[in-house]
Protein chains: 2
Amino acid sequence: MNTETYMIELGQQARRAANTMARAETGQKNRALLAMAAALDAARPQLQQANAADLQAGREKGLDAAMLDRLELTPARIDSMIEGLLQVAALPDPVGGINAMNYRPSGIQVGKMRVPLGVVGIIYESRPNVTVEAASLCLKSGNATILRGGSEALQSNQAIAACIAAGLREAGLPEQVVQVVNTTDRDAVGQLITMPEYVDVIVPRGGKGLIERIAKDARVPVIKHLDGVCHVYIDQAADKVKAINIALNAKTHRYGTCNTMETLLVHQSMAAEVLPDLAERYQASGVELRGCALTRQYLPYIREADEQDWFAEYLAPVLAIKVVENLDEAIRHINHYGSHHTDAIVTENYTDARIFLRAVDSSSVMVNASTRFADGFEYGLGAEIGISTDKIHARGPVGLEGLTSEKYVVFGDGHVRQ
Amino acid sequence: MNTETYMIELGQQARRAANTMARAETGQKNRALLAMAAALDAARPQLQQANAADLQAGREKGLDAAMLDRLELTPARIDSMIEGLLQVAALPDPVGGINAMNYRPSGIQVGKMRVPLGVVGIIYESRPNVTVEAASLCLKSGNATILRGGSEALQSNQAIAACIAAGLREAGLPEQVVQVVNTTDRDAVGQLITMPEYVDVIVPRGGKGLIERIAKDARVPVIKHLDGVCHVYIDQAADKVKAINIALNAKTHRYGTCNTMETLLVHQSMAAEVLPDLAERYQASGVELRGCALTRQYLPYIREADEQDWFAEYLAPVLAIKVVENLDEAIRHINHYGSHHTDAIVTENYTDARIFLRAVDSSSVMVNASTRFADGFEYGLGAEIGISTDKIHARGPVGLEGLTSEKYVVFGDGHVRQ
């Protein structure tokens, strides 16, 4: 069977499975999640054997150490896959809830019911634990899923898929609710993202390059997670201690995450007070600083930042710093150079906080908190399938609700339109 | 200036205007809407002069009578544009509202703020009143808009645009908040739908062909309104009077609308009771009937329906009728042949109603009400920009809320991530 035919078959099976899932009860979905957890626990030897084969092949192909690390299924990582399934089982089921049924002048009663999207296609790279995370969130939100992992993790993903299938069977759900693509042919992705009749939405998880390619070629809506060029703005009315703590945490808590600050903006009247202290502490953490001309009046020893620095997502111990004239300049800078991901103001001023919240066009806007909080767990979603940098459907961390939509429900007693 | 450069310029201006709009107050937006209404009222002679030129050119080009009718700006249609502006001004402003601010274990407080999408591109066909409708809904929801009307309505749309600009000026808002494309070059559409840096979402209004073309070529999310293949299912437990009233209203109230029933499904145990009566009344209204083999046992004189009839959106006095074995067959038929727009069950049975509501995958699902109610005004949205047949973002009638999104808002007191 060629790849196109194979993918169409997966699509047709997923569509049928989605119709079953639309009516699946919460208890049945939870039983499947718990049975998957038990199956993973029982299959530890098989999982590690399959993973060892992937690791061996990866070493032979010359994958770098970071990639091999992401690929590895350690006992601790299997534990955390199992723990994740238990957590998703414990989350409230968003599906089927009806909101705000109101009577209209015509006599009909109108409200909205939360429903699954249908079939979700997930495309991701080397980490095999994503297979379990994505499958569990899609299952709990009542969707069927087609999962396309990285070719380097094929054996591991198939071993995980067997455990997922066992869990579905045990709960009396069709195995086609979660299908893991069993080919490394790249055409599989091209086919998956161009069959709107079988796939309702695509969630790519991976580098910016992968996501941009998929968004460009897709004929299906894509929930994108592009880059995170996040800012902290230290306002004229900032508390110095909060400013320093937040600016340090937002940069140095972790360097490689999308909610890490990449550019620090400082009001001119605060520059002398915070920049020297901050610079000392950044340099103690090994963070390279790059600054505008004004910044370098306070920190003459740092490198000058150029236009590209303001756009940069370093994902590394590097920070660009700009001194701004006022709040408006900070907002203009963020909306122009930022990626509309997460931006924070540090201020004690009520009006400045209100203006910043309203005018900054980002998926998360914060007052006196570190950008590192932009995360599904921290926001109370329980788990997240990604952080959307799109404006339509879902913005910011996407949990179970982001994998659903709402349909209108109308109750009448024989009402007709006049 | 060539069309590409012109459209990019409109896009850049719209993006800047969107930043202003994000902070515009409700009162200012309402003043603009009321000033537009006054400007339209004062410009009646100019509107009718411009429209006469379009009508004359249309007659010379040989446009058909239906198209010329849609193009005409009668005094009554100008009245209703003015009335529409007053209604949108009276609607509550969704922008800036903050929902469900909750404290998290970390101490931060997290909620969501409703925000404009940014720049909305609208592509539509001959009716010039859409210019006012679309502009007013986008303005009230805090978006900047680029409007691309039909070439046959260019003069009328420019005359309306002058009134919109006057209203914006009077309220102190930039004229670039609403821009009406001033060229008939078809490349303008191609450019508008492929500049994600300046346009956040496209709403096409027109025939299925136009919308499919746009969805296929767009590099920007599209809120689509495709076809309405709507069903009424008369259940085993239907009340006969309600069934007949609803089935008649859903078909004959208006033939050309997307929420008109195109296929009637009847439980086998109800066929003898309702079909002869219904058929007589449909035929009295001039509705042509086409039926499955079982239907023709009751109505032997009607034409046999073929596979294409089950997929058909007639938009005409034609109705396909199928007798089904049970509720499950009805649901399978609707989900397979329907367009996921609006479907209704007529039943007195609690369980059948619940199953139908949950399992039918349509943007509106109704119990004992006519499909004709699927409409933004009837649902209480105040007005609608269209009816979405998409599953993500907005499903069903799209009002002001569908032209907005939600961003996360986080309040802290110097909180950092541990």
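Computed from heavy atoms alone, side chains included, the values below leave out hydrogens, waters and symmetry copies. Within every chain, numbering begins at 1; the chains are lettered A, B, ... in the order of the sequence lines, protein sequences first and strands thereafter.
- Of the listed residues A/Ile331, A/Ile355, A/Val241, the one with more heavy-atom pairs under 4.5 angstrom with chain B than any other is A/Ile355.
- You'll find the side chain of A/Lys407 reaches within 4.5 Å of the side chain of B/Val365, heavy atoms only.
- Taking all atoms of both residues into account, the shortest heavy-atom contact from A/Phe373 to B/Val416 is CZ-O, 3.3 Å.
- Of the listed residues (A/Asp413, A/Val201, A/Asn245), the greatest number of heavy-atom pairs within a distance under 4.5 Å of chain B belongs to A/Asp413.
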Check against side-chain contact (heavy atoms from CB on, under 4.5 Å), A/Val115 and B/Arg395
CA-CA 11 Å; A/Val115 290; B/Arg395 266 190 110 170; 3.5 Å; yes
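- With a 4.5 angstrom heavy-atom cutoff, A/Val95 touches chain B via backbone and side-chain atoms both.
- For A/Asn19, the part sitting under 4.5 Å from any heavy atom of chain B is the side chain, from C-beta outward, and nothing else.
- When heavy atoms are compared at a cutoff of 4.5 Å, B/Ala24 approaches chain A solely by way of its backbone atoms N, CA, C and O.
- With a threshold of 4.5 angstrom between heavy atoms, B/Ile246 approaches chain A through its backbone and through its side chain.
- When B/Glu406, B/Lys242, B/His415 are compared by the number of non-hydrogen pairs under 4.5 Å with chain A, B/His415 comes out ahead.
- Only the side chain of A/Asn259 comes within contact range of chain B, judged by heavy atoms closer than 4.5 Å.
- The shortest non-hydrogen separation linking A/Arg15 to B/Lys391 is NH1-NZ, 4.2 Å.
- Heavy atoms closer than 4.5 Å to chain B are found in both the backbone and the side chain of A/Val410.
- With a 4.5 angstrom heavy-atom cutoff, B/Val360 touches chain A only via backbone atoms.
- Of the atoms belonging to A/Tyr103, not a single heavy atom falls under 4.5 Å from chain B.
- Heavy atoms closer than 4.5 Å to chain B are found in the side chain of A/Arg104, but not in its backbone.
- A/Asn102 does not touch chain B: none of its heavy atoms, backbone or side chain, sits under 4.5 Å away.
- With a 4.5 angstrom heavy-atom cutoff, A/Thr342 does not touch chain B via any of its atoms.
- Per-residue counts of heavy-atom pairs under 4.5 Å with chain B were compared for A/Lys216, A/Arg332, A/His340; the largest is that of A/Lys216.
- Below 30°, between 30° and 60°, or above 60°: for A/Tyr379 and B/Tyr408 the angle between ring planes is between 30° and 60°, a tilted geometry.
- A/Arg358 places a side-chain N or O within donor-acceptor distance of the main-chain N or O of B/Ala22, the cut-off being under 3.5 Å.
- Between chain B and the options A/Val222, A/Asp375, A/Thr404, heavy-atom pairs under 4.5 Å are most frequent for A/Asp375.
- For B/Glu25, the CD atom is loosely surrounded, since the number of other residues' heavy atoms within 6.0 Å does not exceed 12.
- Remark: B/Arg23 engages A/Asp328 in a salt bridge, criterion side-chain N to carboxylate O under 4.0 Å.
- Interface check for chain A: of the options B/Ala18, B/Gly96, B/Ala394, B/Ser106, the most heavy-atom pairs under 4.5 Å are formed by B/Ser106.
- Looking only at heavy-atom pairs under 4.5 Å with chain B, the residue among A/Arg219, A/Met113, A/Glu378 that has the most is A/Glu378.
- Closest non-hydrogen pair, B/Arg417 versus A/Asn249, comes out as O-ND2, 2.8 Å.
- The greatest number of non-hydrogen atom pairs below 4.5 Å with chain B, out of A/Val110, A/Val367, A/Asp390, is found for A/Val367.
- Among B/Pro397, B/Ala353, B/Ala218, B/Gly111, the residue making the largest number of heavy-atom pairs under 4.5 Å with chain A is B/Pro397.
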Worked verdict on B/Leu117 versus A/Ile392 for side-chain contact (heavy atoms from CB on, under 4.5 Å)
CA-CA 7 Å; B/Leu117 293 175; A/Ile392 77 157; 4.0 Å; yes
